[in-house]
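The first residue in the sequence is number 1, and the count goes up from there.
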Amino acid sequence: MSQLPTLIADLALILICAGIMTLLFKKLKQPLVLGYVVAGFLASPHMPYTPSVMDTANIKTWADIGVIFLLFALGLEFSFKKIVKVGGSAIIAACTIIFCMILLGIGVGMGFGWHRMDSLFLGGMIAMSSTTIIYKAFDDLGLRKKQFTGLVLSILILEDILAIVLMVMLSTMAVSHNFEGTEMLESIGKLLFFLILWFVVGIYLVPEFLKRCRKLMGEETLLIVSLALCFGMVVMAANTGFSAAFGAFIMGSILAETIEAESIDRLVKPVKDLFGAIFFVSVGMMVDPAMIVEYAIPILVITLAVILGQSVFGTFGVILSGKPLKTAMQCGFSLTQIGEFAFIIASLGVSLHVTSDFLYPIVVAVSVITTFLTPYMIRLAEPASTFVDAHLPVSWRKFLMRYSSGSQTALNHENLWKKLILAMVRITVVYSIVSISIIALSFRFVIPFFKENLPHLGASLLGAVFIILCIAPFLRAIMVKKNHSVEFMTLWHANRANRAPLVSTIVIRIMIAALFVIFVISGLFKASIGLVIGVAVLVVLLMVWSRRLKKQSISIERRFFQNLRSRDVRAEYLGEKKPEYAGRLLSHDLHLADMEIPGESAWAGKTLMELNLGKKFGVHVASILRGKRRINIPGGSVRLFPMDKIQVIGTDEQLNVFNEAMQNGTKVDWDVYEKSEMTLKQLIVDSDSMFLGKTIRESGIRDKYHCMIAGVESEDGTLMIPDVNVPLEEGDVVWVVGEKEDVYQLVNQKNEKVQVG
């Protein structure tokens, strides 16, 4: 018998340990991530009392695949549109927290005398809170409907995308060992270039591809195609100089904008869970107990730095964004832990061989401690905010109140100039990146092909025409887009002094488009600069005047935005999307919450007028989502049905009381439940029977005794479906079905009749 391959034996050991720890941590109501880490510790060579994994190289490969799946799944949940929707408060808070925590981590590392790269990676590890752990803590504590949790989740969304950016920057610095500002700016510029390019091209091509192939795709095919797209982007990212995880995240975020996003997420989840578990187990395998004992003081200091740093900087960041003190402290205290991204950044440092061996187990130990403390920190936020508010000087309290109300006003104020300039810059940057990529690919592949098969002049001429035709729709959009917008025309007619600056914006964009054409022509032809500029200006003017090019440009942009909005359109149709006003409620405490009427609720079947929710709980039902139907502003005569999803407006306290009352109405009365048990009994029609000679309809068995005759058995043993109009005869055996009490009452009634007779 051949020996079992090492890889299979190691996988069996990992999954057995992970399975046992999963059950244990489920029982203890702790995050599964910690269970996987403990399983890895048990299966590691550092644990002498249990079997150990023999070939760690293979496990490392599988763990790398796990990171790819984790980031791909994160991208599927991300969606670039969420950045726009989270608002200025989350952006200001997230950037403040990450910047301050990175500096704090670097300071702690330097204080212990660690190497510069160790300190830098430590700052990155403690800057990111754990999305998974916070989601679970909010669910366990029943806080998902609180107003501050929405802001926390928005901050986590931004932290996820900024974590990807941070990983790319750390990778660049680790490889180049260069901390100069120019190097950093170059790496950030390169990152933004490829991020925008892949996003724009991906949104234009991938949803269109999936739409055309939709009829050919079952679940198996969709899974294979999705993973092919994921790993294809991973290869592209790696060849471009970025990490594999970055490529997986980008493709996930592109697929998140498609109608198939939910199906892909559901299909990928089992694969992600498997390889993700292997990754977290591999994290635990790197924990050396001796090293944890040796570095107990740094672990304690870093744990305190995470808890105090996130509490203080989180609170400060949210206050800076214009929120009240109570909301700010609730957000800050909720972010006091590190998790999956700390592990991913730590594994990145190990794979690049730029961090010391002790850093990985230290971070794992800190993550375990802070995760266990998370629920207590969240509970502590409200009493802590009450205490701080009570002991703040009156002048400080008034200042914070004025600042929060003033910030909200400032955030809602729209400046036409600012809006117009930002839109023009966005259009110019995006279309310039697309044009640069087309020119680069053409000079790399198309022009050499022309030169191999055509004379030099013909190849150059054909190449110039080809490139200019490809980039023409985008250059025209740069020059013309927003020139007839509401903002542009309002500013034009509002004040004559605005006209010169507005014209200058058009001239600058025409010059940018001309530079692209000049670059293409000068790269293919040796001619005087005056001739090149003259030809470029002529080409640019033709682009502006071309009606065909205008239609093509509009068509490309319309297709892009249709693909980008396809998932939102479907969500609106199915009633799955929250209305826009949900984020614009004026009061700090008032917000919109989704709740579902339980199947066994006592409220089901009653009208809103009968329930009188407004008077009892102070809440208002704004919408009812019933299947694919949405009932907005329902009247008092509208009934609630089981599994209706209702959108309710109220304060945190009102919504909590409302939800508790709704859940209390679902308790099952077990006495009634037991009494409603059905039973089957036989009833013999004899000479003394009260039913002899009567039809089933005349007997009153259904109406009077609430029972049903399932069948009538004749003397020869034949069981027949009863005819309600045929009289019962002597010797018939009647099979009666009903609730126990009703059946026994019927039988006793018959016996009493016999005794009386």
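Defined by atom type and a distance below 3.5 Å, a donor-acceptor pair is missing between the side-chain atoms of Gln337 and Ser130.
With contacts defined as side-chain heavy-atom distances shorter than 4.5 Å, the pair Ile597/Met662 qualifies. Taking the side chain as every heavy atom from C-beta outward, Leu274 and Leu15 approach each other to under 4.5 Å. Residues Val430 and Phe474 have side chains not in contact (no heavy-atom distance under 4.5 Å, counting atoms from C-beta outward). In this structure, the side chains of Ile98 and Met128 come closer than 4.5 Å at one or more pairs of heavy atoms. Looking at Met595 and Phe658, their side chains come closer than 4.5 Å, going by heavy atoms from C-beta outward. At a threshold of 4.5 Å between non-hydrogen side-chain atoms, the residues Trp198 and Met251 do not count as touching. Counting only heavy atoms from C-beta outward, the side chains of Val37 and Met21 never approach each other to under 4.5 Å.
Of all heavy-atom pairs between Gly317 and Ile92, the closest is O-CG2, 4.2 Å. In this structure, Cys331 and Val318 approach most closely via the heavy-atom pair CB-CG2, 3.8 Å. The shortest heavy-atom contact between Ala477 and Tyr431 is CB-CE1, 3.5 Å. The minimum heavy-atom distance linking Thr22 with Ala18 is given by the pair OG1-O, 2.6 Å. The two residues Thr370 and Val306 make their nearest non-hydrogen contact at CG2-CG1, 4.1 Å. Between Pro634 and Ala622, the shortest heavy-atom distance links the atoms CD-O, 3.6 Å.
For the salt bridge (charged side-chain N to carboxylate O under 4.0 Å, His left out) with Asp644, the lone residue among Lys606, Arg626, Arg639 that qualifies is Arg626.
The aromatic rings of Phe280 and Phe343 lie perpendicular to each other, with more than 60° between the two planes, well past the 30° mark. Phe69 and Phe275 have parallel rings, their planes meeting at less than 30° on a 0 to 90° scale where 60° marks the start of perpendicular.
Contact check on Asp265 versus Lys269 returns no salt bridge, with no Lys/Arg side-chain nitrogen under 4.0 Å from an Asp/Glu carboxylate oxygen. A salt bridge links Glu208 with Arg212: the distance from a Lys NZ or Arg NE/NH1/NH2 to an Asp or Glu carboxylate oxygen falls below 4.0 Å.
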Inset, instruction - For Ile97 and Glu159, run side-chain contact (heavy atoms from CB on, under 4.5 Å): C-alpha distance rounded to whole Å, both residues' side-chain angles, the deciding distance at 0.1 Å, then the answer. - result: CA-CA 9 Å; Ile97 293 167; Glu159 285 193 350; 3.9 Å; yes

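With hydrogens and angles disregarded, no donor-acceptor distance shorter than 3.5 Å links the side chain of Thr336 to the backbone of Gly332.
Applying the 6.0 Å contact sphere to NZ of Lys481 captures no more than 12 heavy atoms from other residues, nucleotides or ligands.
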